[in-house]
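Every chain is numbered from 1 and lettered A, B, ... according to where its sequence line falls, protein lines coming before strand lines. Not measured: the values here are computed from a predicted model.
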Amino acid sequence: MHETSIVNSIIKTLELEFEEEKLDKMSAIYLKVGKLSNIEPRLLHNAYTAKYPCGTKFHSIKLHIESTEIQIQCEVCNHITSVINYRFLCEKCDRPSKNLIQGEEMLIHKVEFED
Amino acid sequence: MSIEKSTKAARGSVQCENTNINLLKANDYVADIIRNEMAKTKTLLINITSSAGSGKTTLMQKTAEKLKDKLTMAVMVGDLETERDAERIRESGIQALQIVTGGICHLEAQMVHQVLPEYNLEDIDLLFIENVGNLVCPASFDLGEDYRVTLMATTEGDDKPKKYPRMFLTSDMMLVSKSDLLPYLPFSVDAVIKDAREVNHELEVLQISALKGEGIDAWCDWLLNKIKEKQA
Ligand SMILES: Nc1nc2c(ncn2[C@@H]2O[C@H](COP(=O)(O)OP(=O)(O)OP(=O)(O)O)[C@@H](O)[C@H]2O)c(=O)[nH]1
Ligand SMILES: [Mg+2]
Ligand SMILES: [Zn+2]
């Protein structure tokens with residue numbers, strides 16, 4: 001259910017962003033989703049195919065999903081830590097941090113159009 | 001190489017556009033509209049999340065009992081199918097509306113925005129949104145709230161914060177609910193707080209029992225303070 005509404009959001013967002021004429025030429029969507037985004041790439045692919053089966057408007061668009069690791073940058077020492085087991089702690093100076101630089105994103109990173 | 005070229009030519013040219021847009025942009029756009037509206041009417045908006053059955057509706061009833069003579073409070077309840085929770089809350093003497101999501105497992109800003117006209121926001125100091133009971137997707141949808149409060153019942157086991165980190169990361173307050181059952185359960189409040197704070201070191205925590213009343217005064221004081229800040 002969750003994945004279905006994510007698919008809806010993607011299309012809704014693209015409709016806001018591009019003219020219909022351009023949307024019709026869209027051939028690929030590249031998503032970047034963080035490990036914290038609760039998006040499971042496999043389920044999202046399934047939801048997409050379920051929503052746009054053969055013969056429907058957006059069926060031929062290729063969905064690419066890249067999943068990114070969680071990283072924080074310490075506000076004090078600037079060190080970048082890859083977060084393991086959801087411990088949001090600078091590995092260098094042991095300070096807790098919520099300064100996420102990666103891992104939370106749910107981005108439509110890139111789209112391709114074909115004439 | 002030449003084959004590749006020819007197929008490409010046959011299909012025409014590929015253009016690529018770097019977008020980097022949030023795929024929930026449509027949601028967040030509406031969330032900002034809600035936030036602006038609430039700023040104008042000085043209504044404190046609280047998004048209440050938890051797993052199914054952690055005690056959200058019971059807490060709404062208890063909070064209404066305690067606060068309804070001091071301020072005007074209202075509730076919006078998201079539920080998959082039924083009207084029951086809103087009815088329960090209305091019995092406590094406050095306005096409550098149900099948003100039936102028709103199977104969608106979370107509330108989206110658009111659904112909240114649609115029912116806002118039903119409320120006389122100018123008069124409402126405190127508006128709660130009881131989200132659908134689920135710790136996964138409600139975490140991703142901003143509803144324009146001032147604060148997000150997550151209930152974590154003692155009956156759920158103490159491993160939730162690491163299982164659903166995004167929810168705890170995006171919450172401002174964790175209420176350890178059903179504390180009256182602690183003597184009967186293998187649940188460590190300290191362990192759950194430790195895990196939750198590893199995820200979010202700024203998370204505030206209160207231990208409550210909507211049934212027996214433990215922590216309810218502290219919870220209401222927290223709310224009153226936030227209302228005061230919003231109306232200042
Ligand atoms: N022992 C105890 N039981 C509670 C407490 N709060 C709620 N309950 C019980 O837990 C059950 C679920 O409570 P609800 O308030 O309906 O929970 P909810 O989070 O609104 O549930 P959903 O809306 O279905 O997700 C009910 O049987 C309540 O009586 C509490 O503080 N202590
Ligand atoms: Mg409920
Ligand atoms: Zn550091």
Does a side-chain N-to-carboxylate-O contact under 4.0 Å join Glu202(B) and Lys98(A)?
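The answer is yes: the pair qualifies as a salt bridge.
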Pick whichever of Leu36(A), Leu100(A), Ile10(A) has the most heavy-atom pairs under 4.5 Å with chain B.
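Maximum pair count with chain B is reached by Leu36(A).
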Hey, which of Ser9(A), Gly34(A), Pro96(A) has the most heavy atom pairs under 4.5 Å with chain B?
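Going by pairs under 4.5 Å, I would pick Pro96(A).
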Would you say Arg87(A)'s side chain and Glu198(B)'s backbone share a donor-acceptor pair under 3.5 angstrom?
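It does not hold such a pair.
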Counting only N and O atoms by type, is there a donor-acceptor contact under 3.5 Å from the side chain of Thr19(B) to the main-chain atoms of Ile108(A)?
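Looks like yes, one N/O pair under 3.5 Å.
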Glu229(B) atom CD, over 12 foreign heavy atoms within 6.0 Å
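Correct, the count exceeds 12.
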Looking at Lys22(A), I'd like to know if its NZ atom is crowded, meaning that more than 12 non-hydrogen atoms belonging to other residues, nucleotides or ligands lie closer than 6.0 Å.
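It does: Lys22(A) NZ has more than 12 such atoms within range.
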Could you tell me the separation between the [atom1] atom of [X] and the [atom2] atom of [Y], rounded to the nearest 0.5 Å?
X: Lys12(A); Y: Asn27(B); atom1: NZ; atom2: CG; result: 7.5 Å
X: Asn8(A); Y: Leu23(B); atom1: CG; atom2: CG; result: 11.5 Å
X: Ile21(B); Y: Lys110(A); atom1: CD1; atom2: NZ; result: 14.5 Å
X: Asp28(B); Y: Met106(A); atom1: CG; atom2: CE; result: 9.0 Å

Among Glu108(B), Lys25(B), Arg197(B), which residue has the highest count of heavy-atom pairs closer than 4.5 Å to chain A?
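Going by pairs under 4.5 Å, I would pick Lys25(B).
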Is it the side chain or the backbone of [X] that comes within 4.5 Å of chain B heavy atoms, both, or neither?
X: Ile70(A); answer: neither
X: Leu31(A); answer: side chain
X: Glu17(A); answer: side chain
X: Ser37(A); answer: both

Does [X] reach the side chain of [Y], with side-chain heavy atoms less than 4.5 Å apart?
X: Tyr86(A); Y: Leu169(B); result: no
X: Gln15(B); Y: Asp115(A); result: yes
X: Tyr29(B); Y: Thr13(A); result: no
X: Cys16(B); Y: Val111(A); result: no
X: Asn85(A); Y: Lys162(B); result: yes
X: Phe88(A); Y: His201(B); result: no

Tell me, for Asn18(B) versus chain A, whether the close heavy atoms (under 4.5 Å) come from the side chain, the backbone, both or neither.
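Both parts, heavy atoms under 4.5 Å.
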Considering all heavy atoms, the nearest Asn38(A)-Val136(B) contact:
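Result for this residue pair: ND2-O, 3.2 Å.
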If you compare all heavy atoms of Glu104(A) against all heavy atoms of Thr170(B), which two are closest, and at what distance to 0.1 Å?
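Result for this residue pair: OE2-CG2, 4.4 Å.
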Glu112(A)/Glu17(B) under side-chain contact (heavy atoms from CB on, under 4.5 Å): CA gap, chis, key distance, verdict:
CA-CA 6 Å; Glu112(A) 275 173 8; Glu17(B) 205 162 307; over 6 Å; no
